[in-house]
Structures are given as C-alpha cells and as structure tokens.
Amino acid sequence: MKQPSEGAKLTISLTVNGKPMELTVEPTERLLDTLRYRLGLPGAKEGCGEGECGACTVLLDGLPVNSCLVPTFQARGRHVESVESIAPGELAPMLRCGATQCGACTPGVVVTARWIQQHPELTVDRTPRELMAGNLCRCTGYDGIMDGLAEWMNAGADKGGAAS
Amino acid sequence: MKVHAPETLEQACAVLAQHAGALVPMAGATDLLVHWPGKQRDHDRAYLDLSGVAELRPLAWTDDSLKLGALTTYWDVLRDPQTARQFPMLIEAARQVGAVQIQTRGTWAGNIANGSPAADGVPVLMALDASVTLASTTGTRTVALADYYTGYRASVRRPEELIVSIEIPKRAYDITAFYKVGPRRAQAITKVGVAIAHASHAGGGGWRIVANSVAPTVCRCRSVESLLDEVGGKPFTAPDGFLTALRADVAPIDDIRSTAEYRLTVLARLLYHGLKGRTPSVA
Ligand SMILES: Cc1cc2nc3c(=O)[nH]c(=O)nc-3n(C[C@H](O)[C@H](O)[C@H](O)COP(=O)(O)OP(=O)(O)OC[C@H]3O[C@@H](n4cnc5c(N)ncnc54)[C@H](O)[C@@H]3O)c2cc1C
Ligand code: FES
Ligand code: FES
C-alpha cells in the first residue's frame, strides 16, 4: 500500500474467495461495504454494525471476523472468504435441521459453522455452542443451528475428518 | 481520513513523532470501528495502522517470561498450549472476551490502550504483574501495568509512544482465577469482575486482587491484598467480611449496566466464594 495523501483512495491487493485482485478503496471503507457494494457479494449482512451479531462474518486468513469491524485496507495481502465461497450443496445438514428461518443471520451462521466443521480440533476444549456465540439469531432458538452443525460435523467425520 | 501503514516499528515511531499526538494507532479495530458509519468525526482523523508491522506480531516465550507483541490477539493466546499450562487465567479471560469473531481480531495491547475500566484483558495481566513496554523515536521504557493508568481513560503513555509489548513474568502460582459477571456469557460488557492470583512470596509474589468495572480504572485492591497477606489474621468467614476493605479500594458507580451496590456486593461474593477453602485466610 502506497503512503496516501489526505483522503486519497488506497490501492491494495488481496484474495477474495480464491481470486487474487487489486482494489482501489476509500480509507473509510469497511470490508463489509467492499464485499457488498464494490464486489457484488451481498451475502454478508449488516445486522448491528458494532461487532455484536455476527451477520457480517467472513473468514480472514482462515479465521472468522466481523467484516463490519475490518477496515478494508487491513485486508491487504490477506485472504478473504465470504459465504459465497460455500457450495450450496454443503449446507444440506443445516437446512434439514431447521438452522434457518428468516435468513438474516444465516450467511454469518454458516460461515462460522463451516469453520468449526472444518476444524473439529477446536471442539476439544470449547463446545460448538461457545464457538457459535458470536452469531445471534432471533428466529430459530439456536437448536436447529446446533443440530445442523452436529450433523454436518458427523458427515465430515464419516469421510475421515475434514480437519485441515 | 488519512492512513499511514508503516512496515517497521522504526517507521511507525517516526510517523507518530512527526504528527505529535494527532495520529490514532489502530490494531484490531474492534474498539475503533464500532458504529463506524455514524462516526463522521472519526472519519476525519489520521490513523496509524499497525497491522503491517511484523515486529509487533509474535507471542514469544523466554526462560522467565511470556512476551506478547502488541498485535497478539486473544485467539493467538487461546491457541498457545504453553499459555494454557503456565497462565490458565489468560485463557479464562480470553475466552470471555466478546465472542470468537472479536477474539480473532482484538489485541491485548488494544485492550490496555483503550483504557476502559471494564476491560477484561487488563485485570488478569495486572494480577500476573505484567509490564508494558512503550516505544518512541527517543527510545523505549517499561512500566508496570499496575502503574499504567492515571485516571479514567488516562495513562502514562505519551501521544508519541506506542505499546510494543506486554511481558508477564513466570512465577509459581498456587491460586489464579478470573471471574466475569455480565448479563450473559458472550458479547457482554462486564458489570463487575475480578482476577485473583497468589504466588509464593519469594521473588515478589504474594496476593494480587484486581477488579474491573468498579472504579475509574481497572484497579488493584491493595487493602484486600494486605488483609489476605496478614499471617495469623482473622480469617474471612463470609462475603461481607471483605466489604470494609473493598470500600477503601474501589469506588463503584450506578450506570446503565449496573448499580454501585450490586457491584460491591457481588465483588465481595466473588472473592469469598473464589477463595473459600483454598487459603487459610478465607474459611
Ligand atoms: C462486540 C464486541 C464485544 C467486545 N467484548 C469485549 C469484552 O468482553 N471484554 C473486553 O475487555 N473488551 C471487549 N470488547 C472491546 C475490544 O474488543 C477490546 O478492547 C480489544 O482488546 C481492543 O483491541 P483492538 O486491537 O481491536 O483495538 P483497536 O480498536 O485497534 O484500538 C483500541 C484503542 O487502543 C489504541 N491502540 C491499539 N493498539 C495500540 C498500541 N500498540 N499502542 C498504543 N495504542 C494502541 C487505539 O488507538 C485505540 O484507542 C468488545 C468489542 C466489541 C465490538
Ligand atoms: S453487522 Fe457486523 S457484527 Fe453485526
Ligand atoms: S433465521 Fe432469522 S435471525 Fe436467524
């Protein structure tokens, strides 16, 4: 990133859903805005805009973050994965168990859930429920989400574990 | 908005010195970006993005301490097996900060620098006698975290200084515990909390009782510490036994999250039930 002059736009390189790209962004731009309004990836939702609800969750270098709290320039040189990187077919266990109703929380929920599903080692010292505590849902009462994740994890385990 | 994105600590300090006090350091941005679209005044400021300064990143063990670079996140600590063995209290606190999405971005140094009296990272660090290293173009200095705050959101850090690391000395602890009381388990700001540590007196140990959300700053409860230290003193036999000493140490207030009375009452109970049967001075 070049040293900018006052209010100047910034040019950064990053990888989004596996695609390397160069972007020119406003310094005030949040990763959430870049994804939704610059890249046409509207999956991540703005629920609260203050890091509480998790509707805007994406993976940054493989870890879940709230994209409403990430200035886009901090994503330079890094890998971003949004909900659009998940193949719809993968979500069958979540759908079967009633993990979604209105859908507002769902993009964030499935990003965090898939991260847990792909890293079963995380559940050695923390429960899936604790790991999902940053994704609020006003509809499902969470049981559908937790059941869906459990089924998803079992499916992964049947295939010999999906840990990476 | 102007962003400076240095790649070395030397550059970072140089830019900070040039702009004497007008630059806002930025680490994980979990405090700075809350409700960002509505913060027009903050959009007009200039920021020093620390995220590209590799020297600030590592979590490193030496023979006698753990050193957290200023960019060390809660998640970095949670995934470090040696921390779980040596300083389980750091793990207890880290997993009670926000939720995973905050833990992966929020830094311990940002928690200290932000200066909230409700900060959950600060009490455990202070109870473990952590020190903070500050750097500027004129050099570095190290201060005890217990001496870092000078008042509500005020500290000894000068505007041209950055926190570069936090160092926690290894000690033989027989008691460490952290209790956080909030409206729910995750994503909750602490109503009252306390970190408790006891190490053998050789090498500067003794009791450390550090409370949050009960004073303008996170604070050590020195009256309680010295009562617990009194050899052969009368043991505490009920939570209320702590109240007189606590009133000398803390000054809780009524605010949107809780009341002064609740905070004091609960703090006494956390101490009593946390220590009962674990030390002769609390029976
Ligand atoms: C939803 C949510 C939940 C939260 N839950 C908790 C919680 O449970 N407990 C808790 O304690 N906190 C909580 N926080 C607050 C926040 O996450 C922590 O305080 C975090 O540690 C801040 O670190 P950061 O790196 O994100 O700081 P930033 O936002 O980057 O910076 C915070 C402040 O520190 C300054 N700063 C940062 N790094 C340095 C440095 N190296 N040198 C000098 N100044 C520096 C910045 O200028 C700024 O003033 C929560 C926040 C959110 C949004
Ligand atoms: S919109 Fe980002 S956490 Fe709610
Ligand atoms: S499905 Fe409606 S908020 Fe979760």
Side-chain angles (χ1 to χ4, degrees), chain A residues 1-10 12 25-33 46 48-78 108 111-112 115-116 119 121-122 125-126 129-136, chain B residues 1-7 11 15 18 24 26-40 42-52 54 71 73-76 78-79 81 84 88 91-92 94-106 110 184-189:
Chain A
M1 195 164 95
K2 282 198 301 264
Q3 289 305 329
S5 51
E6 191 78 50
K9 293 194 175 187
L10 311 168
I12 60 166
V25 300
E26 298 289 341
T28 53
E29 203 166 309
R30 303 170 303 172
L31 183 56
L32 176 64
D33 306 319
E46 177 149 14
C48 62
E50 57 171 74
E52 296 271 355
C53 75
C56 65
T57 305
V58 300
L59 300 187
L60 184 63
D61 285 347
L63 292 176
V65 303
N66 293 318
S67 60
C68 71
L69 295 184
V70 179
T72 302
F73 61 78
Q74 283 198 339
R76 64 190 184 279
R78 307 181 71 174
V111 167
T112 310
W115 172 70
I116 300 168
H119 295 278
E121 73 279 6
L122 294 172
D125 44 18
R126 300 172 105 186
R129 209 174 262 274
E130 181 182 341
L131 293 162
M132 291 283 318
N135 290 90
L136 303 187
Chain B
M1 175 168 163
K2 191 166 177 173
V3 183
H4 297 267
E7 280 166 10
Q11 289 166 5
V15 197
Q18 267 163 33
V24 184
M26 179 184 281
T30 60
D31 277 310
L32 290 172
L33 253 68
V34 169
H35 287 313
W36 182 247
K39 285 184 172 163
Q40 284 305 321
D42 289 358
H43 293 203
D44 295 335
R45 306 183 68 172
Y47 292 83
L48 180 68
D49 177 27
L50 301 175
S51 70
L71 289 174
T73 63
Y74 301 103
W75 192 255
D76 293 333
L78 283 167
R79 300 318 290 168
I91 305 282
E92 283 174 55
R95 62 193 279 187
Q96 294 185 70
V97 171
V100 166
Q101 290 94 329
I102 299 295
Q103 293 158 13
T104 55
R105 293 275 300 162
R184 62 191 284 271
R185 272 228 209 116
Q187 301 289 48
I189 299 178

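Note that the structure is a prediction, hence the values are computed from the model and not measured.
No side-chain heavy atom of A:T28 sits less than 4.5 Å from a side-chain heavy atom of B:K39. Residues A:N66 and B:I102 have side chains in contact (heavy-atom distance under 4.5 Å, counting atoms from C-beta outward). Counting only heavy atoms from C-beta outward, the side chains of B:D49 and A:R76 approach each other to under 4.5 Å. The shortest side-chain heavy-atom distance between B:R105 and A:L63 does not fall under the 4.5 Å cut-off. Within the 4.5 Å cutoff, the side chain of A:R30 has heavy atoms near those of the B:P37 side chain.
What you find for B:V3 and A:P27 is that their closest heavy atoms are CG2-CB, 3.9 Å. Contact record, B:V100 with A:P64: CG1-CG, 3.6 Å, taken as the closest heavy-atom pair. Taking every heavy atom of both residues into account, A:G134 and B:Q187 meet most closely at CA-NE2, 4.2 Å. Here the closest heavy-atom approach between residue B:A29 and residue A:L69 is recorded as CB-O, 3.6 Å. Taking all atoms of both residues into account, the shortest heavy-atom contact from A:A133 to B:R184 is O-NH2, 4.3 Å. Contact between A:R126 and B:R95 at its shortest, heavy atoms only, is NH2-CB, 3.4 Å.
Per-residue heavy-atom pair counts under 4.5 Å with chain B were compared for A:G54, A:G51, A:C48, A:G77, and the maximum is reached by A:G51. Of the listed residues B:S51, B:G52, B:A99, the one with more heavy-atom pairs under 4.5 angstrom with chain A than any other is B:S51. Taking A:L60, A:D33, A:T112, A:T57 one by one and counting their heavy-atom pairs under 4.5 Å with chain B, the maximum is reached by A:T57.
For A:R129, no part sits under 4.5 Å from any heavy atom of chain B, backbone or side chain. Only the backbone of B:A27 comes within contact range of chain A, with at least one heavy atom under 4.5 Å from a heavy atom of that chain. Contact of B:R185 with chain A is not made at all, since no heavy-atom distance falls under 4.5 Å.
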Would A:D125 and B:L78 count as a side chain to side chain contact (heavy atoms under 4.5 Å, CB included) if you check the C-alpha gap in whole Å, the side-chain angles of each, and the deciding distance to 0.1 Å? CA-CA 10 Å; A:D125 44 18; B:L78 283 167; over 6 Å; no
Side chain to side chain contact (heavy atoms under 4.5 Å, CB included) between A:L122 and B:R79, intermediate numbers included: CA-CA 9 Å; A:L122 294 172; B:R79 300 318 290 168; 3.7 Å; yes
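Taken to the nearest 0.5 Å, the CD atom of B:Q96 stands 8.5 Å off from the CD atom of A:E130.
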